[in-house]
Amino acid sequence: MLAAYILLISIVSLLSTRATPEIWGYYMAEGGSNYPITHWENVIGRSKSADINIPLASVSNNHALLIRSDEERWIIKDLGSSNGTDVNGYRLDPAKKYYVGPGDRIGIGGVMSTVTPPSLEEARNNKYMRRLDKEPVAPWKILIAITVFQMMTIVQLVLGMGDEITAGALLSIVLLSALMWAYVMFFKSMGSKGFEMEMIAFFMSTVNLAVTASFDPAIVFKEFIAIVIGVFLMIFMCLVLRDLDRTKKIKPVLIGLSIAAMLINLIFGDAKFGATNWIRIGGVSMQPSELVKLAFILIGAGTLEELYDKRDTYIYAVFSLFCLGCLALMSDFGTALIFFATYLVVSFLRSGDLSRMTLTGVAAAAMGFIVLKFKPYIASRFDAWGHVWEPEYMNDLGYQQTRTMSFGAGGGLLGLGAGNGSLKDVGASNTDLVFGFVMEEWGFVIAVLLVLCIATLSFFAVMSIMAGRSTFYTILACGAATMFLVQTMLNVFGAIDFFPLTGVTFPFVSTGGTSLMTSWAMLAYFKAADMRRDASLAVRKED
């Protein structure tokens with residue numbers, strides 16, 4: 001009941017408080033056409049998908065870009081149109097950008113126009129409408145509910161595990177509660193109001209610690225440290241994302257670091273469960289591909305100007321191909337699928353070209369068949385798919401899935417209680433099979449609510465498209481949503497034999513420090529797309 005209450009309040013607040021689009025100016029064309037400008041980045045063209053649609057044959061489908069700078073000035077850039085773009089009679093060089101202001105005459109395919117600011121009354125109305133926006137729900141009820149859930153979790157662990165549970169494991173849950181309260185109180189004092197995403201993440205992280213405590217109490221504190229690092233990494237990334245120009249400049253650095261991480265993994269990686277995706281530094285194991293996920297999304301994101309730059313598109317395509325090739329060599333089929341699905345979505349958001357996505361998908365399918373031919377471990381997983389209950393697979397390749405389904409079903413709606421399950425004796429039950437683990441000990445209801453948490457974050461990312469400041473932030477959120485959704489689907493469907501078991505984690509819930517840190521850090525991409533007033537750490541208050 002507490003879990004349902006926590007999620008219900010978070011979902012209702014997150015999905016019902018939308019940012020009202022504001023009018024930043026007007027694009028006034030000859031003949032009386034008047035186009036309100038509601039985005040920081042706008043395409044001018046004949047295409048119906050253009051933000052400023054001029055349906056004339058002399059205007060190219062995507063003719064020019066009109067961009068609002070951080071100094072609140074307008075910039076125009078020709079996109080290599082057939083008839084060109086003029087400003088005050090001067091033909092623009094497509095390779096350059098130009099500032100325009102009120103009174104400057106802009107020629108688009110022979111159609112003269114100008115950009116005007118909103119009137120004083122409209123500017124006041126924008127501020128007034130912003131104040132009328134429904135504010136995010138106050139976090140205190142959710143905080144109290146999660147805290148009670150955490151205390152009851154401690155009681156469950158003590159009653160269910162007895163002497164097996166350690167003081168360190170219980171203390172980690174108490175410290176997580178303290179971290180949650182400190183985070184909200186600090187940023188609330190700084191004027192922030194929207195904490196639904198973080199509350200969902202704290203709730204899921206509580207289940208993570210409970211699962212880890214039941215599986216191995218000795219490593220729970222390590223999981224808590226990973227959460228702390230993830231929270232601070234998310235805050236740091238939000239602050240970095242505030243400056244779009246700075247964020248764009250670090251993309252080449254991220255490409256270099258990602259390539260180095262993948263190569264180090266290939267050369268020095270250790271094999272676990274058939275995939276060579278782990279490296280050991282001292283006494284610590286980590287998955288470099290998890291951290292590369294953060295870079296992969298950010299490198300694929302771009303402003304409208306970058307989306308029309310073929311060089312930028314080619315760089316992302318080559319980088320994606322390199323990552324997928326490395327993951328194939330590591331036999332990490334699950335992570336390769338996550339990267340590929342994200343590449344398809346990001347590429348579509350960049351180009352809007354469905355035919356290109358189809359061709360890419362066909363080519364990837366061909367590559368997949370080649371990988372299956374030369375990677376017998378991956379091929380064997382596909383052989384067992386849909387046949388795990390057959391005698392030849394039940395106690396071999398289907399062992400994990402048959403036990404997951406059997407023990408998971410035994411938990412019923414409400415579960416057997418923390419520490420009372422049998423699935424913890426099966427390999428990877430706290431990582432790749434964690435959905436079944438939660439079903440057995442915590443019940444089917446909470447297992448489904450965890451899936452709904454990921455779906456809620458993903459749906460919010462799609463909703464943010466209309467009010468987004470920049471395509472850069474929109475693509476970040478949708479890329480992160482794709483990774484979360486595909487990763488969750490592979491984890492859940494793999495555990496119950498709807499799909500081959502690919503060995504990927506459930507975001508926030510599966511045990512694993514690198515995965516947990518990455519999940520928290522990726523939350524910054526959702527926060528960056530949150531345009532609700534005072535709701536995002538990645539948006540300056542004056543914006």
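Just so you know, residue 1 is the first one in the sequence shown, and it goes up from there.
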## Note on the structure
The single option from I200, T488, V492, V509 that satisfies side chain to side chain contact (heavy atoms under 4.5 Å, CB included) with I454 is T488

Can you see which heavy atom on [X] is nearest to which on [Y], and at what distance?
X: L523; Y: A201; value: CD2-CB, 4.0 Å
X: M199; Y: S10; value: CB-OG, 4.3 Å
X: S519; Y: F484; value: O-CZ, 3.6 Å
X: S47; Y: N53; value: O-ND2, 3.0 Å

Under a 3.5 Å cutoff, is there a donor and acceptor pairing between the side chains of [X] and [Y]?
X: Q487; Y: K293; answer: yes
X: S13; Y: E196; answer: yes
X: S60; Y: S81; answer: no

### Query
Are D530 and F460 close enough, and set up right, to give a side chain to side chain contact (heavy atoms under 4.5 Å, CB included), and what steps lead you there?
CA-CA 9 Å; D530 190 352; F460 178 80; 3.6 Å; yes

### Message
Under the rule for side chain to side chain donor-acceptor pair (under 3.5 Å), what residues qualify as partners of E440, not counting sequence neighbours?
### Response
none

### Message
Suppose we screen for side chain to side chain donor-acceptor pair (under 3.5 Å). Which residues come up paired with T511, at least two apart in sequence or across chains?
### Response
T212, N430

### Query
With sequence neighbours left out, what residues match F506 under ring-ring contact (aromatic ring centres under 6.0 Å, His included)?
none

### Message
Could you check whether atom CZ of F322 has more than 12 heavy atoms from other residues, nucleotides or ligands sitting under 6.0 Å from it?
### Response
yes

### Task
Using a cut-off of 6.0 Å, state whether more than 12 heavy atoms not belonging to K97 lie near its atom NZ.
no

### Query
Do T505 and S510 pass the side chain to side chain donor-acceptor pair (under 3.5 Å) test, and can you show the C-alpha distance, the side-chain angles, and the key distance before you say yes or no?
CA-CA 6 Å; T505 56; S510 290; 5.0 Å; no

### Message
Could you measure the distance from the CE atom of M204 to the CG atom of L449? Nearest 0.5 Å is fine.
### Response
10.5 Å

### Task
Kindly indicate, with the supporting measurements, whether the criterion side chain to side chain contact (heavy atoms under 4.5 Å, CB included) is fulfilled by S205 and W520.
CA-CA 9 Å; S205 296; W520 269 100; 3.1 Å; yes

### Query
V426 versus T404: any side-chain heavy-atom pair under 4.5 Å?
no

